[in-house]
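Naming: A, B, ... by sequence-line order, numbering from 1 per chain.
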There are 2 protein chains.
Amino acid sequence: MLRLTREKSDILPLVAEAFRAFGYEGASFSQITKLTGVSKGSLYHVFPGGKEQMAAEILAGINGWFVKNLFEPLETGEPNAALAHMWTEIDRYFHAGGRICLVGAFALDATREHFRAAIHDYFNRWVEALSRCLVRAGAEPLAASAFAEHTVLTIQGGLILARAIHDEAVFSRALRRLSDSAEALLACQTPPH
Amino acid sequence: MLRLTREKSDILPLVAEAFRAFGYEGASFSQITKLTGVSKGSLYHVFPGGKEQMAAEILAGINGWFVKNLFEPLETGEPNAALAHMWTEIDRYFHAGGRICLVGAFALDATREHFRAAIHDYFNRWVEALSRCLVRAGAEPLAASAFAEHTVLTIQGGLILARAIHDEAVFSRALRRLSDSAEALLACQTPPH
DNA sequence: GTCTATAAAGCGATAGAC
DNA sequence: GTCTATCGCTTTATAGAC
């Protein structure tokens, strides 16, 4: 069945791509209109709060995806499976290094002030969920905490460096080093049966 | 002696702070005027090419600083001393995590296209200089290359995560892990005398 | 719910007075 | 070399036709 009126859920991912490509300030309504095919008037009908509302809803959507697909498995699932799941999903989500992290990008400039809580919560929960998962998998708490922080920050840095030198393999290699280090951490710290 | 006419070298660092705070698109002339105390007309007198010229000269200045203070020591100095020097200078340059990397920030959005070469060269030379330094210090080439990439990307990620969760200690901890890993790498791979 | 037209403000950039 | 005034253009945002 053909729907002529597009819904928020159809438009939002395209708006997100505009923010990824041009940044929050750089993504103008004319750019968003070009990318979505939806005119400025219609955009304001769907998002009365303008760009700020768009960005807020996009951040909420990203957070929701991460909570459902990564954080909750890390928090409640079988630790080793959740960990393995994370590596593959992260690689897929960030298009093997070809897609930046919008939350990380928003954290860099003054855009951060508008979305302070959302940015903080996203990264904080990621680090915490991963840390606790590692503890449940047998890691020592301090080592788990350090490795969780290391993991999240490596993913962000990998995306930057991959874009900077136009080599997505940088991200893949970083991800591979992470999963190898995780295995080493758990193999080393799990008490033998 | 009091100079009434400010020179480029006085203005440029302040313009850089505007770009750091608001991004390339977000840093308007009115913002730059507010931060520098120099009017738009005078800014165009010093930088006829406008914002693009400002950003280009800032990137060149940053690159020059890194070449002189980090890359050349890594390339030609005593390897272990150059390495130790890098950790302390990086910590100082990025204000212990309180200052972002402008080159990395520019790499994220469409700004990248304008400064493609400068961004690429900065990161590429950093990785290469560090990699060769590690080899000269006794590391195995493949391990050195991987660790160099890991180092540069960790610094970028550390700056993002520190800002995102408002905890500069994240950067300090990442830097500490790096210097520890470097020592371990060299201790492990240097043939015993 | 879609769009065009319009308003008011801000933008980069230029001209010219001092 | 400093500044203010001004020009076009684009921006966000609104109003209103269909």
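Salt-bridge check for Glu75(A) with Arg136(A): failed, with every basic side-chain N at 4.0 Å or more from each acidic carboxylate O. Electrostatic pairing of Lys51(B) and Glu25(B) does not count as a salt bridge here, judged by no charged N lying under 4.0 Å from a carboxylate O.
One can place NZ of Lys34(A) at 14 Å from C1' of dT11(D), the figure rounded to the nearest angstrom. As rounded to whole Å, 13 Å separates atom C1' of dC11(C) from atom OH of Tyr24(B). Across the protein-nucleic acid pair, Phe47(B) atom CZ and dT14(C) atom P stand 16 Å apart, rounded to whole Å. Straight-line distance from the CD atom of Glu25(B) to the C1' atom of dT11(D): 12 Å, rounded to whole Å. Rounding to whole angstrom units, CD of residue Gln53(B) and P of dG12(C) are separated by 15 Å. The distance between atom CD1 of Ile32(A) and atom P of dT11(D), rounded to the nearest whole Å, is 10 Å. One can place OH of Tyr44(B) at 17 Å from C1' of dG16(C), the figure rounded to the nearest angstrom. In this structure, CD of Glu7(A) is placed 10 Å from P of dG1(C), rounded to the nearest angstrom.
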*Verdict with supporting geometry, Phe71(B) and Glu128(B), side-chain contact (heavy atoms from CB on, under 4.5 Å)*: CA-CA 9 Å; Phe71(B) 303 162; Glu128(B) 285 302 313; over 6 Å; no

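Note on Phe29(A): only backbone sugar-phosphate atoms sit closer than 4.0 angstrom, heavy atoms only; bases stay farther off.
You'll find the side chain of Glu168(A) stays beyond 4.5 Å of the side chain of Phe171(A), heavy atoms only. For the pair Ile11(B)/Ile32(B), no side-chain contact is recorded, criterion being any heavy-atom separation below 4.5 Å from C-beta on.
The side chain of Ser28(B) contributes no N or O atom lying less than 4.0 Å from OP1 or OP2 of dG10(C). Side-chain N/O atoms of Ser30(A) include none lying less than 4.0 angstrom from OP1 or OP2 on dT10(D).
With Phe115(A) as the fixed residue, the ring pair (Phe, Tyr, Trp, His ring centres under 6.0 Å) test singles out one of Tyr24(A), Phe123(A), Tyr122(A): Tyr24(A).
In the set dT2(D), dT12(D), dT2(C), dT12(D) carries the atom at the smallest distance from any side-chain atom of Lys51(A).
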Using a cutoff of under 3.5 Å, can you pull out all pairs of nitrogen or oxygen atoms linking the protein to nucleotides 3-7 of chain C, with atom names and distances?
residue, atom, partner, partner atom, Å
dC3(C), OP2, Ser39(A), N, 3.3
dC3(C), OP2, Ser39(A), OG, 3.3
dC3(C), OP2, Ser42(A), OG, 2.7

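Between atom CZ of residue Arg20(B) and atom CZ of residue Arg99(B) there is a gap of 4.0 Å, rounded to the nearest 0.5 Å.
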